[in-house]
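Quick one: this structure, given as structure tokens, is what I'll be asking you about.
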Amino acid sequence: MIIDSHCHLNLLPEEKVGTVDEVIAHAKENGVERMMCVAIHPDQWPEVLALADQHPEVYATIGIHPCEDPELVLDEAAMIEAASHPKVLAIGEIGLDYYHFEADSDMTWQHQRLRQQVQIAKQLQKPVVIHTRNSTPDCLRILQEEGAEAVGGIMHCFVEDLATAEQAMAMGFYISFSGIVTFKNAKELKTVAKAIPLEKMLVETDSPYLAPVPYRGKTNQPAYTRYVVEEIAHLKGLPPEQVAQATTENFKRLMKIDKELI
């Protein structure tokens, strides 16, 4: 079994990949039995929860992405209510992102939003799914200051260096690799993937974005998680089945899934 630890089923263009039912069926044909659908805005929370209710293969997260409107006020009560749904495994996608803002912009609002959501995750005892872009030192510092190690989480779509991965792993975070690790020019990331212990790794698509080789440039979907598994197996000199099993067990351990996934 392979688990896609990060996808956006609600954003997949049906005209390119088919219905959600078809996407899930295609995923299963490629060994991807479960997937976690990640919400990035309060408007998405109901549709992501509905997908989780309708499909036993789908789990959900509840969060506000750092690039969402700075004027958006986090309704903590609404987030807690949504995140209390039994199929919501984590709080995310949350974090910091400076890439889309001017270099001298005041990012206090992003810091505060991240702190609020980590606090909610701790209250609910759910891990966090972290997005960081051009902001990693601040992101790691805030996670440390807020005691995120109490719940742990996922460093989603990891593209940083080994030292950053080690800091995150020291706080109980797992390092999740996307299709980027299959890109020919991702030489440094391949080195990092080779060095990180298998017991601290997860795999994902971030679909519909970042399709792996051999589908680079096309619409991504959960079925393509198998290519991430195969690349990591190649880098580590392991059978793909071993990587699939290990990353599945890692996901279940982090999300406190003690029984067989249903």
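We count residues from 1, following the sequence as given. Any value given below was found using the heavy atoms of this structure, including those in side chains, with hydrogens, waters and symmetry copies removed. As the structure is a prediction and not an experimental result, all values here were calculated from the model.
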#### Entry: All salt bridge (charged side-chain N to carboxylate O under 4.0 Å, His left out) counterparts of Lys218, not counting sequence neighbours
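Partners of Lys218 by the salt bridge (charged side-chain N to carboxylate O under 4.0 Å, His left out) criterion come out as none, since no residue qualifies.
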Which donor-acceptor pairs under 3.5 Å do the side chains of residues 8-16 make with protein atoms, sequence neighbours left out?
| unit_1 | atom_1 | unit_2 | atom_2 | d |
| --- | --- | --- | --- | --- |
| His8 | ND1 | Val38 | O | 3.0 |
| His8 | NE2 | His6 | NE2 | 3.3 |
| His8 | NE2 | Asp206 | OD1 | 3.1 |
| Asn10 | ND2 | Gln44 | OE1 | 3.3 |
| Asn10 | ND2 | Glu47 | OE2 | 3.0 |

### Task
Determine which pairs satisfy salt bridge (charged side-chain N to carboxylate O under 4.0 Å, His left out) with at least one residue from residues 184-204, sequence neighbours left out, and list them in order.
Lys190-Glu231
### Query
Using 30° and 60° as the class limits, which term best fits the ring planes of Tyr215 and Tyr227: parallel, tilted or perpendicular?
perpendicular
### Message
Under the criterion side-chain hydrogen bond (donor to acceptor under 3.5 Å, both in side chains), I'd like the reasoning laid out for Thr108 against Asp106: C-alpha separation, chi angles, the key distance, then a yes or no.
### Response
CA-CA 6 Å; Thr108 302; Asp106 182 359; 2.5 Å; yes
### Task
Locate the shortest heavy-atom distance separating Ser176 from Ser5; write the atom from each residue and the value.
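Nearest heavy atoms, Ser176 then Ser5: OG-OG, 3.2 Å.
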### Query
If you take all heavy atoms of Tyr209 and Asn220, which pair is closest and at what distance?
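Here Tyr209 and Asn220 meet closest at O-ND2, 2.8 Å.
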### Query
Under a 4.0 Å N-O cut-off, is there an ion pair linking Glu146 with Lys122?
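No salt bridge links Glu146 with Lys122.
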### Task
Decide whether a cation-pi geometry holds between Arg133 and Tyr98; the criteria are a distance under 6.0 Å from NZ or CZ to the six-membered ring centre and an angle within 45° of the ring axis.
no
### Query
Is Cys157 close to Leu210 at the side-chain level, that is, under 4.5 Å between some pair of heavy atoms?
yes
### Query
Is there side-chain contact between Gln245 and Met1, with heavy atoms separated by less than 4.5 Å?
no
### Query
Would you say the side chain of Leu202 lies within less than 4.5 Å of the side chain of Phe177, judging by non-hydrogen atoms?
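No. Closest side-chain heavy atoms not under 4.5 Å.
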### Task
Examine distances only and state if a side-chain atom of Ser105 and a backbone atom of Phe101 form a donor-acceptor pair shorter than 3.5 Å.
no
### Task
Could you grab the distance from atom OG1 of Thr205 to atom CG of Asp4, nearest 0.5 Å is fine?
3.5 Å
### Query
So, Lys28 and Glu57, do they make that salt bridge, N to O below 4.0 Å?
yes
### Task
Please assess Met255 against Ile154 for the test side-chain contact (heavy atoms from CB on, under 4.5 Å), listing each intermediate value before the final yes or no.
CA-CA 10 Å; Met255 300 302 172; Ile154 301 172; 3.7 Å; yes
### Query
Can you name the closest pair of heavy atoms from Met201 and Tyr174 and give their distance?
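Looking at all heavy atoms of both residues, the shortest contact is N-CD2, 4.2 Å.
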### Task
Test side-chain contact (heavy atoms from CB on, under 4.5 Å) on Met171 and Leu140 and set out the steps.
CA-CA 9 Å; Met171 287 192 288; Leu140 289 175; 3.8 Å; yes
### Task
Would you mind reporting whether Phe173 and Leu143 have side-chain heavy atoms less than 4.5 Å apart?
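Counting from C-beta outward, Leu143 and Phe173 do come under 4.5 Å.
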### Query
Do Arg34 and Thr248 touch side chain to side chain, with heavy atoms closer than 4.5 Å?
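Contact flag for Arg34/Thr248 side chains = no.
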### Query
Below 4.0 angstrom, N of the basic side chain to O of the carboxylate: do Glu230 and Arg226 qualify?
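The answer is yes: the pair qualifies as a salt bridge.
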### Donor-acceptor under 3.5 Å (Ser178 side chain, Ile180 main chain)
yes
### Query
Please walk me through it: do Leu198 and Val243 pass side-chain contact (heavy atoms from CB on, under 4.5 Å)?
CA-CA 7 Å; Leu198 185 57; Val243 174; 4.3 Å; yes
### Check: Thr61 main-chain N/O paired with Trp45 side-chain donor or acceptor under 3.5 Å
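No: the side chain of Trp45 does not pair with the backbone of Thr61.
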### Task
Compare all side-chain heavy atoms of Ile130 with those of Leu114 and state whether any distance is below 4.5 angstrom.
yes
#### Entry: Closest approach of Ile91 to Ile120 (non-hydrogen atoms, all atoms of both residues)
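Ile91 and Ile120 have their closest heavy atoms at CD1-CG2, 4.4 Å.
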### Shortest non-hydrogen contact between Val181 and Ala193, atoms and distance
CG2-CB, 4.0 Å
### Task
Please report the C-alpha distance between Ile94 and His131 in whole Å, then the side-chain angles of each, then the deciding distance to 0.1 Å, and finally whether the side-chain contact (heavy atoms from CB on, under 4.5 Å) criterion is met.
CA-CA 6 Å; Ile94 67 176; His131 167 110; over 6 Å; no
### Side chain Gln242, main chain Pro239, donor-acceptor under 3.5 Å
no
### Summary
What one should report as the nearest heavy-atom pair of Lys126 and Val88 is NZ-O, 2.7 Å
### Message
If I take atom NE2 from residue His41 and atom CD from residue Glu68, how far apart are they, to the nearest 0.5 angstrom?
### Response
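Reported value, rounded in 0.5 Å steps: 5.0 Å.
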### Message
Applying salt bridge (Lys or Arg N to Asp or Glu O under 4.0 Å) to Arg141 and Glu145, what does each step give before you reach the verdict?
### Response
CA-CA 6 Å; Arg141 173 179 55 81; Glu145 290 174 354; 3.3 Å; yes
#### Entry: Min side-chain heavy-atom separation Met107-Leu96 under 4.5 Å
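No, every pair of side-chain atoms sits at 4.5 Å or beyond.
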